[in-house]
Amino acid sequence: MSFTLPELTYSYDALAPYMSRETLEFHHDKHHLAYVNNGNNLLKGTEWEGKSLEDIVKGSYGKNAGLFNNAGQHYNHLHFWKWLKPNGGGAIPGNLEKAIVDGLGSVDKAKEDFIQAGVTQFGSGWAWLAVKDGKVIIAKTPNGESPLVHGATPILGVDVWEHSYYIDYRNRRPDYLKAFVDNLVNWEYVAELYEAAVK
């Protein structure tokens with residue numbers, strides 16, 4: 001299965017002032033496109049050609065670093081664009097809210113710990129809400145890794161590579177993460193992924 005760059009479902013201006021048109025143009029049109037192109041080139045002639053993206057990510061982890069890095073980042077970004085929406089944040093759908101409270105203590109604590117995971121991820125990487133053994137957990141991973149390769153299902157991720165925030169926030173990663181949680185998260189999509197993960 002070859003990789004393709006998805007269209008954004010909102011305009012490049014739609015997430016301002018929390019994420020600018022310039023950030024989206026660079027992040028989606030340049031960075032994500034590079035993962036797609038590099039991933040397609042590195043996939044050719046491997047045992048994972050024709051497999052699903054999840055199988056490619058899991059299969060190449062620890063075996064083919066170049067392919068894994070690009071396939072992993074493609075997987076992460078396919079979801080990342082859907083985890084964002086104009087006028088995001090706000091109320092969390094009921095089942096998901098209950099699962100967050102059960103797994104992490106409270107919604108406020110979960111948001112705080114999620115932000116903290118992003119702040120303390122040294123260098124490039126991601127912070128996550130994921131489902132492991134039926135419970136919602138918080139995780140952080142370096143580079144293009146995700147909970148997928150650690151036996152969990154990602155349901156929300158935030159990109160803390162500098163290209164995701166440097167144009168808008170410079171070195172203020174905590175401000176970017178707070179803006180993401182308070183104003184950009186598409187909780188309906190997170191809830192969909194949660195329901196699928198616990199089926």
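- Follow the hydrophobic side-chain contacts under 4.5 Å out from Leu148 and you never reach Ile137; the two are in separate clusters.
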**Report entry** Derivation and outcome, salt bridge (charged side-chain N to carboxylate O under 4.0 Å, His left out), residues Lys199 and Glu195
**Finding:** CA-CA 6 Å; Lys199 261 191 185 146; Glu195 296 298 344; over 6 Å; no
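- When side chains are defined from C-beta on, Leu156 counts as touching Trp187, because their heavy atoms get closer than 4.5 Å.
- Aromatic pair Tyr35/His74: ring centres not closer than 6.0 Å.
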Query raised in the report: Taking it one step at a time, do Asp182 and Tyr18 satisfy side chain to side chain donor-acceptor pair (under 3.5 Å)?
Result: CA-CA 10 Å; Asp182 290 346; Tyr18 309 107; over 6 Å; no
Report task. Given side chain to side chain contact (heavy atoms under 4.5 Å, CB included), test Asp29 with Tyr12 step by step and report yes or no. Result -> CA-CA 11 Å; Asp29 300 2; Tyr12 286 94; 2.7 Å; yes
Query raised in the report: Do Asp168 and Thr23 pass the side chain to side chain donor-acceptor pair (under 3.5 Å) test, and can you show the C-alpha distance, the side-chain angles, and the key distance before you say yes or no?
Result: CA-CA 7 Å; Asp168 300 325; Thr23 288; 2.8 Å; yes
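- For the atom pair CD of Glu49 and CG of Leu43, the computed distance is 5.5 Å after rounding to the nearest 0.5 Å.
- Distance alone, capped at 3.5 Å, is enough to place a donor-acceptor pair between the Ser60 side chain and the Ile56 backbone.
- In this structure, the side chains of Val185 and Trp83 stay at 4.5 Å or more apart for every pair of heavy atoms.
- Of all the heavy atoms in Ile100 and Ser106, the pair that sits closest is CG2-O, 4.2 Å.
- Closest of all the heavy-atom pairs between Ile115 and Leu177 is O-CD1, 3.5 Å.
- The closest side-chain heavy-atom distance from Glu162 to Ser124 is not below 4.5 Å.
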Query raised in the report: Does the pair His163 and Phe26 meet the rule for a side chain to side chain contact (heavy atoms under 4.5 Å, CB included), with working shown?
Result: CA-CA 8 Å; His163 62 241; Phe26 272 93; over 6 Å; no
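- With no hydrogens or angles considered, a side-chain donor-acceptor pair links Thr141 and Trp128 at under 3.5 Å.
- Smallest separation of non-hydrogen atoms from Phe68 and Val149: CE1-CG1, 3.8 Å.
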Query - Full working for side chain to side chain donor-acceptor pair (under 3.5 Å) between Gln73 and Trp126 - result: CA-CA 10 Å; Gln73 281 290 73; Trp126 293 73; 2.9 Å; yes
Report task. Decide yes or no on side chain to side chain contact (heavy atoms under 4.5 Å, CB included) for Val181 and Lys178, but give the supporting numbers first. Result -> CA-CA 5 Å; Val181 169; Lys178 189 168 179 356; over 6 Å; no
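- The aromatic rings of His32 and His28 sit perpendicular to each other, their planes meeting at more than 60°, with 30° as the lower class boundary.
- Rounding to the nearest 0.5 Å places CD1 of Ile167 at 10.0 Å from NE2 of His27.
- The closest side-chain heavy-atom distance from Tyr75 to Phe80 is not below 4.5 Å.
- Closest approach of Val119 and Arg173 over heavy atoms only: O-NH1, 3.9 Å.
- Follow the hydrophobic side-chain contacts under 4.5 Å out from Tyr189 and you reach Val158 in the same cluster.
- In this structure, CG on Leu78 lies 9.0 Å from CZ on Phe3, to the nearest 0.5 angstrom.
- Checking side-chain atoms of Asn40 against main-chain N and O of Ser2 turns up no donor-acceptor pair under 3.5 Å.
- When atom types are taken as modelled, the side chain of Asp113 and the backbone of Leu104 share no donor-acceptor pair closer than 3.5 angstrom.
- At a threshold of 4.5 Å between non-hydrogen side-chain atoms, the residues Trp81 and Leu24 count as touching.
- With Phe114 as the aromatic partner, Lys111 does not meet the cation-pi criteria of under 6.0 angstrom to the ring centre and within 45 degrees of the ring axis.
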Query raised in the report: Run the side chain to side chain contact (heavy atoms under 4.5 Å, CB included) check on Val136 and Asp102 step by step: do they pass?
Result: CA-CA 8 Å; Val136 176; Asp102 287 351; over 6 Å; no
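- Between Leu184 and Asn87, the closest side-chain pair of non-hydrogen atoms is not below 4.5 Å.
- Taking CD1 from Ile138 and CD from Glu112, the interatomic distance works out to 9.5 Å, rounded to the nearest 0.5 Å.
- Side-chain contact between Tyr10 and Leu84: present, with at least one pair of heavy atoms (C-beta onward) separated by less than 4.5 Å.
- At a threshold of 4.5 Å between non-hydrogen side-chain atoms, the residues Asp159 and His77 count as touching.
- The two residues Ala71 and Leu53 make their nearest non-hydrogen contact at O-CD1, 3.9 Å.
- Here the closest non-hydrogen pair linking Met19 and Ser164 is CE-O, 4.4 Å.
- Remark: Glu25 CD to Ser20 OG distance equals 8.5 Å, nearest 0.5 Å.
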Query - Trace of the salt bridge (charged side-chain N to carboxylate O under 4.0 Å, His left out) decision for Lys85 with Glu188 - result: CA-CA 10 Å; Lys85 74 169 191 178; Glu188 288 72 28; 3.0 Å; yes
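- Counting only residues at least two apart or on different chains, no side-chain hydrogen bond (donor to acceptor under 3.5 Å, both in side chains) pair has a member in residues 62-72.
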Report task. Before giving the answer on side chain to side chain donor-acceptor pair (under 3.5 Å), spell out for Thr9 and Lys82 the whole-Å C-alpha distance, their side-chain angles and the decisive distance to 0.1 Å. Result -> CA-CA 8 Å; Thr9 57; Lys82 294 181 188 174; over 6 Å; no
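- Side-chain atoms of Lys51 do not come within 3.5 Å of backbone N or O of Val57 as any donor-acceptor pair.
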